[in-house]
Trainee: 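First the structure, which I've put down as structure tokens, then a few questions once you've had a look.
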Number of protein chains: 2
Amino acid sequence: MRADAQRNRARILTAAEEVFADGGPHASTEEVARRAGVAVGTVFRHFPTKADLLRALMKRLLQQVTDDAADLIAHGDPATALFDFFARLVERTAANRTVVILLAAEGMEVSITGPLGSLGDAVGELLARGQGVGAIRPEIRLDETMALLTSACQGALQGGWDHDLRRRTLDIMFAGLRPSG
Amino acid sequence: MRADAQRNRARILTAAEEVFADGGPHASTEEVARRAGVAVGTVFRHFPTKADLLRALMKRLLQQVTDDAADLIAHGDPATALFDFFARLVERTAANRTVVILLAAEGMEVSITGPLGSLGDAVGELLARGQGVGAIRPEIRLDETMALLTSACQGALQGGWDHDLRRRTLDIMFAGLRPSG
DNA sequence: GACGATAGTGAGTGGTGACTCATCTTGTCC
DNA sequence: GGACAAGATGAGTCACCACTCACTATCGTC
């Protein structure tokens with residue numbers, strides 16, 4: 001792949017992330033091209049279909065989520081690592097909500113449960129560590145944790161919530177996970 | 001209003017409910033007209049704008065939910081009424097996706113104030129009563145409660161959750177709402 | 001049953017957005 | 001530094017969709 005093609009591909013992905021983040025679900029490919037400083041044809045050379053572009057964005061998002069989990073298992077405080085993972089995942093989901101919604105509308109295997117399924121082991125590890133230091137009630141099970149995580153992400157997809165509200169809502173869920181008293 | 005006009009209005013609303021339920025909010029007005037057995041012009045005579053049609057549908061559906069809340073305000077136990085409302089709505093949502101799909105549409109492109117406002121009032125009342133008898137932490141706010149409610153419903157839409165898991169997940173949220181100790 | 005008012009009709013309009021392709025430009029390799 | 005393939009360009013095509021309007025049909029009333 002030629003150097004300029006590589007550079008343009010990266011610029012298009014970055015531009016697409018921005019455009020879909022604040023332009024809403026009706027943002028056009030033309031707008032992505034404009035923000036990337038590139039012609040429409042170039043966008044379509046790299047991503048033959050708008051869905052392909054969205055897929056590429058999603059792949060990027062999944063990579064970030066996976067890295068988050070691995071990072072928190074390796075370096076996080078066991079008492080807060082699971083909560084931190086919740087918060088990070090919800091924020092990333094909210095930032096990419098247009099992408100997720102559009103892909104879901106295309107009937108593609110991209111709902112937030114898909115990636116979570118493959119992350120089950122990682123979340124289980126974070127949960128076990130939290131319970132090991134008494135930060136999370138011992139009777140909490142993995143399936144409940146995953147369900148709660150899915151709910152939080154799906155809720156964040158609804159839009160109209162600012163960062164502060166998402167944070168406060170998560171705090172209520174966290175309170176439900178912690179030992180009482 | 002003439003009798004045929006009244007009849008058509010009702011048929012259009014019913015058709016729209018079906019069409020938007022399985023086609024999503026991007027389904028065309030033409031399709032709604034076709035399913036209602038009516039010409040496009042007729043749809044636009046009753047609802048000058050597609051957004052007006054969506055608004056009318058949401059108003060109808062949210063009214064049912066609000067009635068649920070009103071019933072619990074009138075006859076429910078203040079200590080459990082809010083939790084009962086959560087459980088009732090979540091179980092309903094698991095069977096009927098239309099409300100949530102249209103709520104998603106609201107988040108995307110249609111703004112509405114009336115019905116949502118009154119639902120908010122009803123939930124606020126349930127929340128205040130729960131706090132009044134010490135069943136819910138006093139610092140919990142209405143917007144957090146609504147966000148939690150949305151999350152729970154969205155989560156319930158994910159396939160593969162049985163009644164038991166939905167119940168256990170809700171119990172964690174309830175634990176987060178109750179005073180600790 | 002005649003008549004005005006109200007409602008319904010559906011081809012047409014305008015605008016938008018995904019995608020194409022003939023043509024020009026640039027990176028790479030010898 | 002020349003040749004040539006890979007890449008970029010952007011006006012143009014096509015399909016779709018919200019919405020209109022001149023005309024027709026139907027209702028309610030006397």
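The chains referred to below are lettered A, B, ... by the order of the sequence lines, with proteins before strands, and numbering in each begins at 1.
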Trainee: Taking 4.0 Å as the cut-off, does a side-chain nitrogen or oxygen of N8(A) come that near to OP1 or OP2 on dA8(D)?
Mentor: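 Yes.
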Trainee: I'd like to know if the side chain of R137(B) and the backbone of G176(B) have a donor-acceptor N/O pair within less than 3.5 Å.
Mentor: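 Here the side-chain-to-backbone pair exists.
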Trainee: Taking CZ from R45(A) and C1' from dA8(D), how many angstroms apart are they, rounded to a whole number?
Mentor: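 After rounding, the gap between these two atoms is 7 Å.
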Trainee: So, T42(B) side chain and V38(B) main chain: donor-acceptor pair closer than 3.5 Å or not?
Mentor: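 Side chain of T42(B) to backbone of V38(B), a donor-acceptor pair under 3.5 Å: no, none is there.
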Trainee: Can you measure R7(B) atom CZ to dC27(D) atom C1' for me and round it to whole angstrom units?
Mentor: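 From R7(B) CZ to dC27(D) C1': 10 Å.
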Trainee: Record whether the side chain of R2(B) comes under 3.5 Å of the base of dA7(C) through a donor-acceptor pair of N or O atoms.
Mentor: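 A donor-acceptor contact between them is absent.
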Trainee: Nearest-Å distance, CD (E31(B)) to P (dA18(D))?
Mentor: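 To the nearest whole Å, that distance equals 11 Å.
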Trainee: Just the rounded figure in Å: distance from P of dG17(C) to NE2 of H26(B).
Mentor: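 Rounding to the nearest Å, NE2 of H26(B) and P of dG17(C) are 13 Å apart.
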Trainee: Nearest nucleotide by nearest heavy atom, which residue falls closer to the 5' end of DNA chain C, E30(A) or V38(B)?
Mentor: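 The answer here is V38(B).
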Trainee: So S28(B), base contact, sugar-phosphate only, or nothing? Heavy-atom distance under 4.0 Å.
Mentor: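 Result for S28(B) = sugar-phosphate.
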Trainee: Would you indicate what T29(A) reaches in the nucleic acid, counting non-hydrogen atoms under 4.0 angstrom: base, sugar-phosphate, or nothing?
Mentor: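 It contacts sugar-phosphate atoms only.
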Trainee: Return no unless some side-chain N or O of H46(A) is found under 4.0 Å from OP1 or OP2 of dG7(D).
Mentor: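 So the side chain of H46(A) is outside the cut-off, no N or O lying under 4.0 Å from OP1 or OP2 of dG7(D).
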Trainee: Round to a whole Å and report the spacing from CZ of R34(A) to P of dT9(D).
Mentor: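 R34(A) atom CZ is separated from dT9(D) atom P by 14 Å.
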Trainee: Between D171(B) and R167(B), does any NZ, NE, NH1 or NH2 come within less than 4.0 Å of an OD or OE carboxylate oxygen?
Mentor: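 Result for this pair is yes, salt bridge flagged.
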Trainee: Mark yes or no for whether Q154(A), through its side chain, and S151(B), through its backbone, hold a donor-acceptor pair below 3.5 Å.
Mentor: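 No: the side chain of Q154(A) does not pair with the backbone of S151(B).
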Trainee: Measure CE/M1(B) against P/dA5(C) and give the value in whole Å, please.
Mentor: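 Answer to the nearest Å: 19 Å.
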Trainee: What nucleotide among dG10(C), dG7(D), dT20(D) has an atom nearest to a side-chain atom of F44(B)?
Mentor: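 Of the options given, the side chain of F44(B) lies nearest dT20(D).
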Trainee: Can you tell me the distance, in whole Å, between the NZ atom of K50(A) and the P atom of dT20(C)?
Mentor: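 Going from NZ in K50(A) over to P in dT20(C) covers 15 Å.
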Trainee: If you look at every heavy atom in A33(A) and V43(A), which pair is closest and at what distance?
Mentor: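 Looks like CB-CG2, 3.7 Å.
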